[in-house]
Number of protein chains: 2
Amino acid sequence: MEELNERYQEVLYYIIEEYIVTANPVGSKFIAGKCSLNLSPASIRNIMASLEEKGYIYQPYFSAGRVPTSSGYKFYINSILKTKKISKQQKAEMRSSFNISGKDIKKILWQAINLLSEISHYMPIVLAPERTYANLLHIEFIKLDKLNILVIMVFEGGFVENKIINADRDYKQIELSKYSIKLNGIINGHNIDELKDIVIEDIDKDRESFFSLLNGIIFNFDLVKNEIDNENDYLFIGSRMNLFDEPEFSNYEKIKSLIKAFEDKRTIIKLLELTKQKEGIHIFIGSDTEWSDINGLSVITASYRSKKGFAGGSIGLIGPSRMNYALAIPTVNYIAKLLCDII
Amino acid sequence: MEELNERYQEVLYYIIEEYIVTANPVGSKFIAGKCSLNLSPASIRNIMASLEEKGYIYQPYFSAGRVPTSSGYKFYINSILKTKKISKQQKAEMRSSFNISGKDIKKILWQAINLLSEISHYMPIVLAPERTYANLLHIEFIKLDKLNILVIMVFEGGFVENKIINADRDYKQIELSKYSIKLNGIINGHNIDELKDIVIEDIDKDRESFFSLLNGIIFNFDLVKNEIDNENDYLFIGSRMNLFDEPEFSNYEKIKSLIKAFEDKRTIIKLLELTKQKEGIHIFIGSDTEWSDINGLSVITASYRSKKGFAGGSIGLIGPSRMNYALAIPTVNYIAKLLCDII
DNA sequence: TATTAGCACTCGCTAATATTGAGTGCTAAT
DNA sequence: ATTAGCACTCAATATTAGCGAGTGCTAATA
């Protein structure tokens with residue numbers, strides 16, 4: 001990223017700050033009034049022309065004010081922006097807004113969404129922790145009917161996964177309970193991958209009739225790993241309404257493209273999965289290659305991870321590119337941190 | 001509902017049929033062309049004037065064509081409409097589009113939504129069966145940590161409910177398993193209300209240390225009954241996109257009011273709960289008192305119920321008031337019937 | 001008496017035109 | 001190097017004109 005003269009930075013700064021608030025192109029006269037270096041509109045215009053040449057701002061049409069480009073935002077975020085510190089009081093408020101007694105992780109994630117929504121007025125998204133690397137706490141087989149067995153897996157962190165598998169024959173509940181107990185004996189805080197090895201080993205030692213049942217379970221392990229068969233238990237999306245209130249989506253065509261983009265959750269899931277394994281804040285702006293579907297949208301993401309070491313998920317905030325980064329970035333960051341503590 | 005002359009009925013019929021397709025006010029000339037009784041536009045106009053006086057149609061403005069009112073639709077549905085029979089082949093197709101092997105009820109309900117969406121191009125909604133009257137199949141306690149116990153309840157029909165309860169002391173898993181076994185011995189196809197009585201009785205006989213734990217569970221039963229604490233596991237909503245494509249929502253204001261109305265799911269839940277216990281098809285039109293939130297929308301609902309007798313839920317279809325009732329009504333009806341069979 | 005042709009009238013829709021004003025780039029003066 | 005001054009651009013808004021689909025009424029007709 002090219003270096004920018006202090007004066008240039010200040011002009012860019014005020015353009016973006018103002019554009020974030022009003023969503024209207026910003027003119028030279030306004031900047032001249034705001035700027036600490038007392039310059040006339042004409043001088044500002046010269047600076048603006050340079051900034052435009054460098055690609056940080058552009059004019060929607062001849063003789064309109066200037067609007068930040070994606071690179072403009074990027075420069076602003078990386079070099080100019082000083083994010084607001086969250087006050088101790090605000091932190092305490094955020095923390096206390098979580099009600100964690102007797103709630104499973106799903107509800108806690110929803111609380112995070114609501115909190116983010118309240119504070120930011122943008123659209124929060126949360127990816128639930130994946131189960132592959134999470135340690136199993138408990139496994140249980142319950143007979144539903146002749147050939148269907150319900151497998152309940154409880155993971156560290158309070159995540160419960162229910163799967164129905166087809167059995168090869170009619171198992172009795174007592175028989176199933178025996179296997180449950182047996183398996184629970186060896187589970188003992190292993191994750192699925194490890195457990196798979198142990199179970200396969202065990203089969204060799206003890207070729208009982210539940211050989212095939214176990215096969216079914218192992219197959220099922222792979223299911224849990226690879227297939228998210230209900231997106232609704234994996235990606236949580238907060239209220240869209242706030243986004244629709246933003247002026248850039250105040251016409252029919254744009255609001256429709258927005259709805260269409262969110263209808264298929266895979267784009268969002270992909271984005272959140274990208275950042276899940278990485279530390280810290282990630283920001284996708286405007287027409288980034290990773291987030292090119294909707295022009296004019298930005299996404300701030302952060303990953304969370306329990307201290308016990310099972311894999312975490314990520315949270316994010318979707319807003320217009322002209323979103324209030326100074327507030328949004330530390331908020332996303334802190335809520336991710338809160339989630340780490342809570343889980 | 002007032003009686004209508006056959007001639008009047010025919011005119012009303014063609015107005016509605018045409019309006020359903022084009023969404024434009026229908027003029028006298030067009031009706032004169034369609035009508036089997038060969039009348040001139042002028043005569044049709046006379047009839048239209050009468051129909052307007054009776055409140056079945058209205059003019060959006062002087063010298064526009066006529067548009068059906070809510071009472072118009074009501075009369076049409078109750079007295080004129082002949083719903084299309086679904087052919088055997090279509091029925092077979094619908095039935096075979098369900099993949100029920102190894103799927104829990106939630107996924108089956110989602111399949112119903114997708115099917116309805118494909119056929120109707122409106123917005124399907126499904127209310128999951130409530131658990132109060134459903135028979136319990138299995139109950140299981142799993143220790144999460146010192147004071148948190150996960151209670152898993154499996155209901156007939158494949159519904160699984162997970163609840164975390166706070167224990168009064170630190171239970172060992174072995175201890176909990178014993179209670180699980182004990183409870184499972186007496187569950188045996190009772191529903192929660194019945195079970196509650198049995199358990200309370202049992203407590204008197206056998207004042208063990210799990211007295212207080214059971215108390216916690218009983219309290220929890222009430223929770224399952226009264227509180228739906230995650231709407232997302234209760235009400236399933238299909239794709240909104242189809243609705244937004246309808247011409248009545250083709251402007252910014254209307255689309256926003258629509259989104260806002262659906263953001264809060266309680267209205268829809270209330271509506272579906274109203275019809276859950278009743279047999280057959282229910283239709284809410286336009287500005288019915290039960291469904292007055294969004295003008296121009298209609299809802300068709302039907303309840304489903306498993307044969308084994310546990311309480312069912314209901315499915316519905318939200319579309320514009322000018323929806324294709326002839327197709328939508330039998331489709332909702334048949335899919336509800338399919339659900340009865342499958343569950 | 002029921003029906004219809006004829007006609008003047010209404011009013012939303014579309015396109016064409018005029019007006020406004022915020023903001024610019026350039027030039028010449030400071 | 002900075003800036004006042006000025007002509008110019010162009011979206012947005014308001015204004016006007018014309019079209020045409022559809023009406024209600026009246027008088028003629030079967």
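Throughout, protein chains are lettered first and strands after them, A, B, ... in sequence-line order, and every chain is numbered starting at 1. Computed from a prediction, not measured in an experiment: that's the story for all the values here.
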Practice task
Check the distance between C/dT3's P and B/Ile47's CD1 and give it to me in whole angstrom.
Solution key: 8 Å

Problem - Quiz item: A/Ser63 side-chain donor-acceptor pair to D/dT9 base, under 3.5 Å - result: yes

Handout entry: Short side-chain N/O contact from B/Arg7 to OP1 or OP2 of C/dT3, under 4.0 Å
Key = yes

Problem - Pair A/Gln90, A/Ser87: side-chain N/O donor-acceptor within cut-off below 3.5 Å - result: yes

Practice task
Could you tell me whether the side chain of B/Ser79 and the main chain of B/Tyr76 form a donor-acceptor pair under 3.5 Å?
Solution key: no

Practice task
Inspect the contact between A/Glu18 and A/Lys34 and indicate whether a charged nitrogen and a carboxylate oxygen are less than 4.0 angstrom apart.
Solution key: no

Fill in the blank from the handout: Ranking C/dC11, C/dG25, D/dT3 by distance to the side chain of A/Arg66, first place goes to C/dG25

Practice task
Write down the distance between CD (A/Gln59) and P (D/dC10), rounded to a whole number of angstrom.
Solution key: 10 Å

Practice task
With B/Ile268 as reference, evaluate B/Thr301, B/Leu127, B/Leu235 under the side chain to side chain contact (heavy atoms under 4.5 Å, CB included) test and give the passing residue.
Solution key: B/Leu235

Handout entry: Candidates C/dA5, D/dC10, C/dT24 - which lies nearest the side chain of B/Ala42
Key = C/dA5

Practice task
Tell me whether the OP1 or OP2 atom of D/dA1 has a side-chain N or O from A/Ser43 closer than 4.0 Å.
Solution key: no

Practice task
Using a strict 4.0 Å threshold on nitrogen-to-oxygen distance, state whether B/Glu246 and B/Arg322 make a salt bridge.
Solution key: yes

Completion exercise
note: A/Ile15, atom CD1; C/dG23, atom P; distance rounded to Å ~ 12 Å

Practice task
Whole angstrom is fine here: how far is it from CD1 in B/Ile44 over to P in C/dA2?
Solution key: 16 Å

Exercise for the section: Just compare D/dT3, D/dC10, C/dC11 and give me whichever is closest to any side-chain atom of B/Tyr61. Expected result: C/dC11

Problem - Protein-nucleotide distance (A/Arg45, atom CZ; D/dA1, atom P), rounded to Å - result: 19 Å

Fill in the blank from the handout: To the nearest angstrom, the CG-P distance between A/Leu51 and C/dG25 comes to 12 Å

Practice task
May I ask you to check whether A/Thr83 and A/Tyr325 show a side-chain donor-acceptor distance below 3.5 Å?
Solution key: no

Completion exercise
Assert: residue with more 5' nearest nucleotide on DNA chain C, out of B/Phe62 and A/Met48, is B/Phe62

Handout entry: Presence of B/Ser40 side-chain N/O under 4.0 Å of C/dT3 phosphate oxygens OP1/OP2
Key = no

Practice task
Can you tell me which stems involve DNA chain C, if a stem is defined as three or more consecutive Watson-Crick or G-U wobble pairs, both distances under 3.5 Å?
Solution key: C:1-30 with D:1-30

Problem - Residues B/Ser117 and B/Tyr122: side-chain donor-acceptor under 3.5 angstrom - result: no

Exercise for the section: Starting at atom CG of A/Asn46, determine the distance to atom P of C/dG23, rounded to an integer number of angstrom. Expected result: 17 Å

Problem - Atom pair distance, as rounded to whole Å: CG in A/Asn38 and C1' in D/dA1 - result: 16 Å

